Amino acid sequence: MLEKAYDPAGTEDRIYAMWESSGAFRADAKSEKESFTVSMPPPNATGQLHLGHAVMLALEDIFIRFNRMRGKEVLWVPGTDHAAIATENVVIKQIQKEEKIPNPRAKLGREELIRRIAEFVERSRDTIRSQVRKMGSSCDWSRERYTLEPALNRLVNEVFVSMYRDGLIYRGHRIVNWDPKLQTTVSDDEIVYEERKDPFYTFQYGPFQIGTSRPETKFGDKYVVMHPEDERYAKYKHGDTFTAEWINGPIKATIIKDKAVDPTFGTGVMTITPWHDTVDFELAERQDLDKEQIIGFDGKLLPIAGEFEGMRIEEARPKIVSKLEKKGLLVKIDEGYIHNVALSQRGKGLIEPQIKEQWFIDVNKRVVQWKRRELSLKEVMQEVVKTGLIKIIPERFEKEYFHWIDNLRDWCISRQIWWGHRVPVWYKKSESAVDTHVGVTPPEGNGWEQDPDTLDTWFSSALWTWSTLVDTKLTEDTSLSLQDLLLQSPDFMKFHPTDVLETGYDIIFFWVARMVLMTTYVTGSIAELEYGQVPFETVYLHGLIRTRDGRKMSKSDPDTMIDPLDMIGKYGADALRLSMIVGQSPGNDSRLYEEKIAGYRNFVNKLWNASRFVLMQCDQAKVDPHTIAPSDMKPKSLADHALLYELLSVRSDVTDAIATYRLSEAGERLYSFVWDFFCDWYLELSKGEVNIPFLVNALREILQLIHSYCPFVTEELWSHVKYNEFGMLIQHPWPLPISKGHGEEREAFQVLIDVVTTVRRMRSDYGVEQAKTIALILHSQKYEDVLASQKEHILRLTKADQWTLTAKPEKHQNAASTFLPGVEVHIPLEGLLDLAKEKASAEEERDRLKTYKKGIEGKLKNKAFVENAPTAVVDQEREKLASTEEKLKKIEERLKMLK
RNA sequence: GGGUGGUUAGCUCAGUUGGUCUAGAGCGUCUGGUUUACACCCAGAAGGUCACAGGUUCGACUCCUGUACCACCCACCA
């Protein structure tokens, strides 16, 4: 016999091991079945699983389990991400701290550092693997991949080379976000802005006054820019020159007119520093102006600064200001200037814009093949969502997606770090020039040196949906083209495109958009793939999990963190999964706290105990549940019919809801069905005369329907109640949704439900403890048989000794009886009934009904409604009106009597 | 500055093309309960003018406009 309470800790690992060793997770590329594929967003190979991962795993596991049960060939590919900068930073910090090496890069060298990081990653990946298992994820471990493995490196190189040949990847001098602290470029998306209050200086520059918060960049300024229509400066012509006294002596300046200048800001005049400012850089490009570097990559001033050369910015700034002041060029200082400062998301170092030679992906060049047309990457990305090839849930993120693409600039893909896919480009310096080789493999011959940069981590992640499906062995054959690699990989041909990509909305731009970009580019020219595949057909974006008071959970604030593994240990993975999914809607943030998880633990326990009850019934009747065939599910009592009806209705609701990604709705439906209907109503009612075969089969179906939400407890219970010939629940077929029938039966058992409910309510309302006799007053003959057949039930549930069935309305009718259309319930209260109380409640009821009736009448008076609304709706309204009028009449009669 | 979303019971949130919602759930609160599965339970109750102001409609939590407050995203101004 089962224990009194479910023990997740003692169950989950055992069940998971059973699933895994049975091969239930493994997909078969040769299967005839329709495929259903999900690529797991690879967690960073650093550190621990957090709630973001947990919610992702729970959602994806539901999609996967549901579709597996529905008879699809499912594949869920797990993996980890090398997470370039993040990982390198973690390891460097570790070495700095533990080995007291201030600059590990310089001290250890490239090879050694990479070796150390790889070692660290190997350990972390083991942790991640076991944590993903703890969540119950039914992914195919035999296909686990890693973004930095050799096979994927081959594909990364193939894509790079191909894009280079198409002219989509180019090397150029561009302004980049330089992090002097980490000595690397940082992408726009990895920058955070912080509001700072700094002094704002106004200097005299020739005849103009210019403002700046960064005097240290002003050494090389030799252009003065103003708006062409600014009348204050109309006398100065574009291209005019003048000489101005400046920091290190006189300087020859040129006047430039450009619309980028805001005439209302400051004096409406500015000087520019193209090397260290994005806007200035663009202006300089447009106007074809000189650019000069002022600050070195180490963050120190260059020789152009004269006496200030070699100084750090913080040190130089006050000195520069005071020098200008001495020269009489300082007009004023405004101390309260509030502006945003760019900081690196990782390490919080100050970002210094610099011009650097970097690798870029051109998003505007129209050379991408897509459905036999030539588009730019930008256009393809827009096209696939516009035409519905990709759907985003919730829909509003499609708007944000388009908005993001509209503002998209060329993607800088090179990084000055060591951990990652190295740029597959080699240089050979000779006296006269530099030879360049761009290739999947290194060039022949001596003297070649590989580009030191690595690729943005999102470059390899962007290939994830298909790179993980390419056969590893094939990638060792260098004679195969990228196209061959795809077309000859059975997994790719069977499982791509993937069905749904599930991830947090916070990385829609980092990752989702870039997967679209890469995949459409790579597949667009392949005829066998109908000239293009998208990486996924549906994007499901979940919200962030926040703390109880709505804050973000952050590592720096451990008190706010809920560790999913702690929660699993305490309440079980099933409870954690439910608590993150039920009551959550896609794209919206949600709050999680322990009581919530405990609530779902209670639910899991409820399910456990309901099953325990069923097993006890079997035990008492000396029936082995394993021998009860599914075909034995024959309803006997009205309660059975009621349950059957509800079950069919739940089945179709839940199937529909999950298939359309409304997981919360399906979860809630199951929750209240199991608890309120099955346990509190049906099981209570069936005590005393149990229809065991029916009950066992009903429980089996419940377990099937809810398995994807709480896989562990259901699989465990399944082993106790399943039919001998069945296998594990994880592979059991999903119950076929059947359209609802049972109209008359439904009506009949509804009467039963209502009678019992009404009697209970009346007892509570009037504080009647023991009514020995209850009277059921029938307004309609047709319920007589129904009620008679359930006499025993009714007496037991109403705690009455006997009853009377009366066909006519009697004197002492009760307000509460209006709940029943065909039957009224009357408990003779032997003078206890408080007439005044009843009257008040009847009056209240009458007023409510009157208002309601008015509403319906208004509706039916409206021609537009009657003519245009579906006839079913109109009929419904007429019925409502009729029944309301009837109720009103009854109440008014009763009120007369009470007088 | 540009954009998106939210504002529903004490708390956390559902509410799918406007009409079975005369607004729901969980938690919390209160009342009652040793009913042969479960106190991680059972039976009930209280609690909301669905942010505010207009509009469209026979009818609005649901659609439109505006306001306030709260989030988030993007850009970043010398």
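Convention: sequence-line order gives letters A, B, ...; per-chain numbering from 1. Please read these numbers as outputs of a predicted model, since none were measured by experiment.
For A:S579, there are no side chain to side chain donor-acceptor pair (under 3.5 Å) partners, not counting sequence neighbours. Applying the ring-ring contact (aromatic ring centres under 6.0 Å, His included) rule to A:F397 yields the partners A:Y505; only residues at least two apart in sequence or on another chain are considered. For A:Y571, the ring-ring contact (aromatic ring centres under 6.0 Å, His included) test picks out no residue, with sequence neighbours left out. Residues forming a ring-ring contact (aromatic ring centres under 6.0 Å, His included) with A:Y709 (at least two apart in sequence, or on another chain): none. Contacts of A:E400 classified as side chain to side chain donor-acceptor pair (under 3.5 Å), with partners at least two apart in sequence or in another chain: none. Applying the ring-ring contact (aromatic ring centres under 6.0 Å, His included) test to A:F281 and every residue at least two apart in sequence or in another chain returns nothing. Partners of A:R601 under the side chain to side chain donor-acceptor pair (under 3.5 Å) rule, at least two apart in sequence or in another chain, do not exist in this structure. Residues that satisfy the side chain to side chain contact (heavy atoms under 4.5 Å, CB included) test with A:L350, not counting sequence neighbours, are A:R196, A:V341, A:L343.
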Which pairs, protein N/O on one side and nucleotides 8-11 of chain B N/O on the other, fall under 3.5 Å?
none

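Scanning residues 274-285 of chain A for heavy-atom distances under 4.0 Å to RNA chain B yields A:D277. The stretch residues 569-588 of chain A touches RNA chain B through A:G583, A:S585, A:N588, each having a heavy atom under 4.0 angstrom from the strand.
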Using Watson-Crick or G-U wobble pairs with both distances under 3.5 Å, give me RNA chain B in dot-bracket, 5' to 3', with [ ] for crossers and | for pairs to another strand.
(((((((..((((.....[....)))).(((((.......))))).....(((((..]....))))))))))))....

